[in-house]
Student: 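Following this message is one structure expressed as structure tokens.
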Amino acid sequence: DAGVTQSPTHLIKTRGQQVTLRCSPKSGHDTVSWYQQALGQGPQFIFQYYEEEERQRGNFPDRFSGHQFPNYSSELNVNALLLGDSALYLCASSSLWDTQYFGPGTRLTVL
Amino acid sequence: RKEVEQDPGPFNVPEGATVAFNCTYSNSASQSFFWYRQDCRKEPKLLMSVYSSGNEDGRFTAQLNRASQYISLLIRDSKLSDSATYLCVVNMGGDMRFGAGTRLTVKP
């Protein structure tokens with residue numbers, strides 16, 4: 001049984017560019033949550049998708065957007081990248097209210 | 001005040017020691033509670049859920065005090081492999097709020 005997968009594993013972008021990160025949930029899970037983890041900090045909640053809708057959102061600007069597809073996979077898009085967007089981006093899947101399981105993350109570096 | 005606050009650490013302990021981590025949360029409407037473990041440059045992994053009655057999983061014991069909005073994790077007989085960052089997590093209706101984590105290093 002495949003766990004949560006994310007792609008790419010690493011990414012380097014320059015300021016002002018746009019990036020798309022991808023996540024496939026664990027089999028049987030229908031909810032995907034995205035987190036940003038800066039070095040030395042705990043993960044910060046970005047948003048959560050369920051039934052292809054953004055169900056909840058954390059305190060992140062509109063530059064951060066997402067999408068969930070009918071197969072429950074999800075994308076995180078970040079526009080107009082800033083240096084401060086450099087972080088580990090984690091995707092977690094669950095069955096709505098149940099425990100969340102994390103993917104290995106995408107490490108984004110903005111130069 | 002941060003929504004979830006943990007002991008800043010780091011904790012450096014010898015093998016076999018008992019170590020306790022504390023965590024407080026600010027939102028009394030929080031619904032469920034967890035401890036996650038995160039190894040360096042890896043994703044967080046669920047260590048255990050935390051129940052009001054307290055729960056134990058081998059060498060690990062978790063406690064929850066809803067009145068004081070306080071969560072704890074006790075690790076007994078610590079092993080070298082317990083070295084990691086321990087994250088306290090509070091679930092508010094699907095919105096998981098993480099503490100900054102407490103780093104534990106277990107030394108021979």
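Both backbone and side-chain heavy atoms feed into the values below; hydrogens, waters and symmetry mates do not. Chain naming here is simple, since letters A, B, ... match the order of the sequence lines and numbering starts at 1 in each.
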Student: Would you enumerate the inter-chain donor-acceptor pairs between chain B and chain A whose distance is below 3.5 Å?
Tutor:
{"unit_1": "Tyr36(B)", "atom_1": "OH", "unit_2": "Gln100(A)", "atom_2": "O", "d": "2.5"}
{"unit_1": "Gln38(B)", "atom_1": "OE1", "unit_2": "Gln37(A)", "atom_2": "NE2", "d": "2.8"}
{"unit_1": "Gln38(B)", "atom_1": "NE2", "unit_2": "Gln37(A)", "atom_2": "OE1", "d": "2.8"}
{"unit_1": "Gly93(B)", "atom_1": "O", "unit_2": "Arg55(A)", "atom_2": "NH2", "d": "3.0"}
{"unit_1": "Gly93(B)", "atom_1": "O", "unit_2": "Gln56(A)", "atom_2": "NE2", "d": "2.4"}
{"unit_1": "Gly94(B)", "atom_1": "O", "unit_2": "Gln48(A)", "atom_2": "NE2", "d": "3.1"}
{"unit_1": "Gly94(B)", "atom_1": "O", "unit_2": "Gln100(A)", "atom_2": "NE2", "d": "3.4"}

Student: Phe34(B), Phe45(A): one ILVMFWY side-chain cluster at the under-4.5 Å cut-off?
Tutor: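 Phe34(B) clusters together with Phe45(A).
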Student: On a heavy-atom basis, which atom in Gly42(A) and which in Leu87(B) lie closest, and how many Å separate them?
Tutor: CA-CD2, 4.2 Å
Student: Going hydrophobic residue to hydrophobic residue with side-chain gaps under 4.5 angstrom, can you get from Leu88(A) over to Ile46(A)?
Tutor: no
Student: Crowded around Leu39(A) CG? As in, over 12 foreign heavy atoms under 6.0 Å?
Tutor: no
Student: How far apart are the C-alpha atoms of Phe102(A) and Phe98(B), what are their side-chain angles, what is the distance that settles it, and do they pass the ring pair (Phe, Tyr, Trp, His ring centres under 6.0 Å) test?
Tutor: CA-CA 13 Å; Phe102(A) 285 85; Phe98(B) 285 73; 5.8 Å; yes
Student: Do you reckon Leu90(A) sits in the same ILVMFWY cluster as Met96(B), going by side-chain contacts under 4.5 Å, direct or chained?
Tutor: yes
Student: Hey, any chance Leu81(A) and Phe47(A) share a hydrophobic cluster, counting ILVMFWY side chains that come within less than 4.5 Å of each other, even indirectly?
Tutor: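 As far as the 4.5 Å side-chain criterion goes, Phe47(A) and Leu81(A) are connected within one cluster.
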Student: Can you get from Leu46(B) to Met48(B) by hopping between Ile, Leu, Val, Met, Phe, Trp and Tyr side chains that sit under 4.5 Å apart?
Tutor: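 No, separate clusters.
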